[in-house]
There are 2 protein chains.
Amino acid sequence: MSNSRFPISLHILTLLNEAKGGVVSSEYLAGSININPVLVRKEIMNLRKNGFVGSKEGKGGGSFLAKNAKDINLGEVYKSVRSSNVLGQSKNEPNPKCPIGRQINQHLDSLYSDAENALIANLSKQTLADFASKFE
Amino acid sequence: MSNSRFPISLHILTLLNEAKGGVVSSEYLAGSININPVLVRKEIMNLRKNGFVGSKEGKGGGSFLAKNAKDINLGEVYKSVRSSNVLGQSKNEPNPKCPIGRQINQHLDSLYSDAENALIANLSKQTLADFASKFE
DNA sequence: CATTCTGTAATTATTTTTATTACAGTACAA
DNA sequence: TTGTACTGTAATAAAAATAATTACAGAATG
């Protein structure tokens with residue numbers, strides 16, 4: 001993952017938190033983040049699927065926090081946007097004739113998985129409320 | 001970083017370790033990893049700059065481990081290839097007129113940095129020797 | 001001095017990520 | 001009941017990042 005889904009999601013959540021339960025349009029969110037509104041809506045779709053936010057269609061619509069900020073932990077947010085491993089996917093197909101190449105991916109995967117768990121554990125120490133409090 | 005510098009470097013180091021101090025050509029390494037030899041040489045350049053490997057030009061040349069595998073810890077290897085933060089760089093330029101956007105990058109950076117330290121600490125628990133022993 | 005390597009630059013191809021365009025559908029409100 | 005302001009979503013295009021390829025000078029060896 002070298003895209004910016006995690007920072008975008010966190011940015012959205014922080015803005016929604018700021019809105020204190022109020023409804024915010026994707027246009028507005030995109031303006032603050034300075035990215036395309038469609039990307040924001042896609043990210044919101046994911047956040048909604050994971051229960052972090054809700055959204056309302058139609059005029060005056062937009063999205064809002066669906067949980068108390070204290071109940072959204074950053075590790076969960078990370079997991080919701082995580083697509084491949086942080087350390088780079090083992091998408092490579094090493095030479096199966098090489099005794100190392102043949103089995104390296106499985107060892108890399110287990111190494112990555114451990115390391116990523118440490119990262120998630122660290123993120124999980126903070127909630128959205130903790131993060132947002134830094135902006136006061 | 002969504003490239004595969006870390007897995008490539010680890011693969012190289014593992015193969016060199018297997019060679020027990022012997023010299024291995026970039027062509028051979030590339031063959032096992034199944035990537036372009038030039039990419040291998042670039043990665044070796046970096047590994048060399050960081051003291052992990054040495055290399056020998058000319059006929060019969062190649063590269064070799066410059067340290068005992070027990071003295072190469074994976075956290076150091078990670079740091080040597082790390083270019084931007086694992087969680088996605090704050091390369092975005094949020095709207096400076098927005099009170100959140102204005103300061104989010106600094107908060108994201110500090111969050112990332114903490115989380116990445118946890119990841120590095122985890123990787124640092126293992127040396128190349130530990131990793132390579134899995135292939136026996 | 002031919003051969004087999006590394007080192008490195010330059011270019012091209014591929015893949016991934018992001019932006020843009022477009023439009024159907026929903027809700028509100030006059 | 002109709003215009004307006006949104007979301008949801010697909011399709012496409014643009015941009016950026018990554019990897020492959022080509023090319024060749026220079027080093028070490030036999």
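Protein chains get the first letters and strands the later ones, always in sequence-line order, with residue 1 at the start of each. Keep in mind that the numbers below use all heavy atoms, side chains included, and drop hydrogens, waters and symmetry copies.
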Audit row: B:I33, B:L39, side chain to side chain contact (heavy atoms under 4.5 Å, CB included) steps and yes/no | CA-CA 11 Å; B:I33 306 177; B:L39 195 54; over 6 Å; no
Under 4.0 Å: is that the gap between some side-chain N or O of B:S26 and OP1 or OP2 of C:dT6?
-> yes
OP1, OP2 of D:dA5 versus side-chain N and O of A:S25: anything below 4.0 Å?
-> no
D:dT7 phosphate, OP1 or OP2, under 4.0 Å from A:R48 side-chain N/O | no
Can you tell if the side chain of A:L16 reaches within under 4.5 Å of the side chain of A:L29, non-hydrogen atoms only?
-> yes
Nearest of D:dG30, D:dA20, C:dT8 to any side-chain atom of B:L39?
-> D:dA20
Short side-chain N/O contact to C:dA9 OP1/OP2 from B:K42, under 4.0 Å | no
For atom CZ of B:R5 and atom P of D:dA17, their distance in whole Å | 15 Å
Near A:Y28 OH, under 6.0 Å, is it more than 12 heavy atoms from other residues, nucleotides or ligands?
-> no
What is the distance from CZ of A:F64 to C1' of D:dT7, rounded to the nearest Å?
-> 12 Å
Atom OH of B:Y28 and atom P of C:dT6 are separated, to the nearest Å, by 14 Å
May I have the distance from B:R41 (atom CZ) to C:dC5 (atom P), rounded to whole angstrom?
-> 11 Å
Measure from the side chain of A:V38, starting at C-beta and using heavy atoms only, and say which of D:dG30, C:dT21, C:dC28 lies closest.
-> C:dT21
Indicate whether any N or O donor in one side chain lies under 3.5 Å from an N or O acceptor in the other, for B:N46 and B:N50.
-> yes
Quickly work out the A:K49 NZ to D:dG8 P distance and round it to whole Å.
-> 12 Å
Checking all strands, does B:G58 fall into the base, sugar-phosphate, or nothing category for heavy-atom contacts under 4.0 angstrom?
-> base
Residue pair B:S55/A:K56 against DNA chain C: nearer the 5' end by closest nucleotide is B:S55
Pair A:T127-A:D130, side-chain donor/acceptor within less than 3.5 Å = yes
Spacing of A:N36 atom CG relative to D:dT7 atom P, expressed in whole Å = 13 Å
Does B:S4 put a side-chain nitrogen or oxygen below 4.0 Å from OP1 or OP2 of D:dT18?
-> no
Provide, to the nearest angstrom, the distance between the CD atom belonging to B:E57 and the C1' atom belonging to D:dA28.
-> 8 Å
Nucleotide D:dA20, atom C1' - distance to CD1 of B:I8 in whole Å = 12 Å
